[in-house]
Amino acid sequence: MKATAKAHPIQGLVKYHGMRDPEIRLPYHDSISVCTAPSHTKTTVEFLPDADEDVYVIGGEEVEGRGAERIRDVVEHVRDLADFDHRVRLESENSFPSNIGFGSSSSGFAAAAMALAEAADLDLTRPEISTIARRGSSSAARAVTGAFSHLYSGMNDTDCRSERIETDLEDDLRIVAAHVPAYKETEQAHAEAADSHMFQARMAHMHKQIDDMRDALYEADFDAAFELAEHDSLSLAATTMTGPAGWVYWQPRTIAVFNAIRELRAEEDIPAYFSTDTGASVYINTTTEYVDRVEKVVADCNVETDVWEVGGPAEILDESDALF
Ligand SMILES: Nc1ncnc2c1ncn2[C@@H]1O[C@H](COP(=O)(O)OP(=O)(O)OP(=O)(O)O)[C@@H](O)[C@H]1O
Ligand SMILES: C[C@@](O)(CCOP(=O)(O)OP(=O)(O)O)CC(=O)O
């Protein structure tokens, strides 16, 4: 009745934006991402038949409000599937800063779903567990299957699931994470996605983006894949900026990094592409050979960096790794 799991957060490549069903978090369209490592979430859960209430703790602090509601959505679904009503204790830690745009909800709900399914003794594949994680956050579905993964919007709850995409780009990809902390509210952005006049244009464009990204991954075409991700960052921001809230999530240092990376590409012919999810922080996708040069250029913009690699699927850890 107890299990511990680890999951890596995602960087969106063809990015998910908006939900046609916010209850069970069915997105409007397919999306593709890549997991980052060693950044990760570790989560321990234990079902307690004698306890009166659930307890959720992240980073040593009890979770309340909306954060707790989202965890409860995942837990309730696992209780339904397991056909029992035991209360649960869940403790979790993120190894990287959360709420600045590095995908803590993806690894958080992926690790929770993986640990809960194991503790409830459900015998499920990762794509099946991805449908449980999706109830906390759609991006978490892709963090369950790991590395490069594709979340199919599907027709219903069962086939709105994530599948891994094998590609030879995995080993050589290096991701410079440029930290630009700023206020962000991803759920609000999803809620008003369809209210931008750009949204229908984005939807019409999406099938080709997904097709082209899959081709680039199959062919291990680095430039094609990450140029698409850079382009989709601009498309996503265009949609949120023209929604009712007019939300501009980039900050001056975000744009400084964009300019520095494009200059590096133009002047030194270095394969480096920027990418942002909903937030001011930036990912720069490059290769092992050029990562030190890229990191230096980002640091010169007065931005703190980490260098990450591709992270694998969510996994169950040993009892000795438990958080309690
Ligand atoms: N380890 C975790 N376990 C469960 N939930 C988590 C964990 N870490 C973060 N969360 C939840 O993820 C949500 C973060 O929301 P948001 O939609 O802004 O995610 P995000 O865009 O992935 O965040 P960011 O990329 O800025 O880290 C909050 O509800 C928070 O409580
Ligand atoms: C474009 C993104 O940043 C969207 C992230 O959305 P989340 O899955 O974090 O949103 P919630 O479901 O509200 O948690 C990255 C992506 O998943 O493509």
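In what follows, every heavy atom counts, from backbone to side chain, and hydrogens, waters and symmetry copies are set aside. Numbering of ligands and ligand atoms starts at 1, following listing order.
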Checking a contact table here: which protein heavy atom is nearest [atom], and how many Å away?
atom: atom 22 (O) of ligand 1; result: Ser105 OG, 2.7 Å
atom: atom 10 (N) of ligand 1; result: Ile58 CD1, 4.2 Å
atom: atom 8 (O) of ligand 2; result: Ser139 OG, 2.6 Å
atom: atom 31 (O) of ligand 1; result: Gly67 CA, 3.9 Å
atom: atom 9 (O) of ligand 2; result: Ser105 OG, 2.9 Å
atom: atom 2 (C) of ligand 1; result: Gly108 CA, 3.4 Å
atom: atom 26 (O) of ligand 1; result: Gly101 N, 2.7 Å

Considering both backbone and side-chain atoms of [X], is one of its nitrogen or oxygen atoms within less than 3.5 Å of a nitrogen or oxygen in ligand 1?
X: Ser104; value: yes
X: Thr43; value: no
X: Thr186; value: yes
X: Ile71; value: no
X: Phe109; value: no

[X] heavy atom under 4.0 Å from ligand 1:
X: Lys184; answer: yes
X: Asn94; answer: yes
X: Ala112; answer: no
X: Thr278; answer: no

Would you indicate which of Arg70, His190, Glu187 comes nearest to atom 14 (O) of ligand 2 when only heavy atoms are counted? Arg70
Looking only at non-hydrogen atoms, which of Lys184, Arg142, Arg25, Met19 approaches atom 16 (C) of ligand 2 most closely? Arg142
More than 12 heavy atoms of other groups within 6.0 Å of Asp121 CG: no
Distance under 4.0 Å to a non-hydrogen atom of [X]: what atoms of ligand 2 satisfy this?
X: Ser138; result: 8 (O), 12 (O)
X: Ile10; result: 15 (C), 16 (C), 17 (O)
X: Thr278; result: 3 (O)

Touching ligand 2 at all, Ser31? Heavy atoms, strictly under 4.0 Å? no
Validation row: Asp85, Arg87 side chains within 4.5 angstrom (heavy atoms): yes
Can you find a pair of side-chain heavy atoms, one from Gln209 and one from Ser235, that are under 4.5 Å apart? no
Any protein heavy atom nearer than 4.0 Å to atom 6 (C) of ligand 1: yes
Set of residues satisfying side-chain hydrogen bond (donor to acceptor under 3.5 Å, both in side chains) with respect to Glu62, sequence neighbours excluded: none
Pull out every atom of ligand 1 sitting under 4.0 Å from any heavy atom of Ile100, numbered as shown with elements. 26 (O)
Could you tell me, atom by atom, which parts of ligand 1 come under 4.0 Å of a heavy atom of Thr41? 1 (N)
For the aromatic rings, using the six-membered ring if either is Trp, is the centroid distance between His17 and Tyr28 under 6.0 Å? no
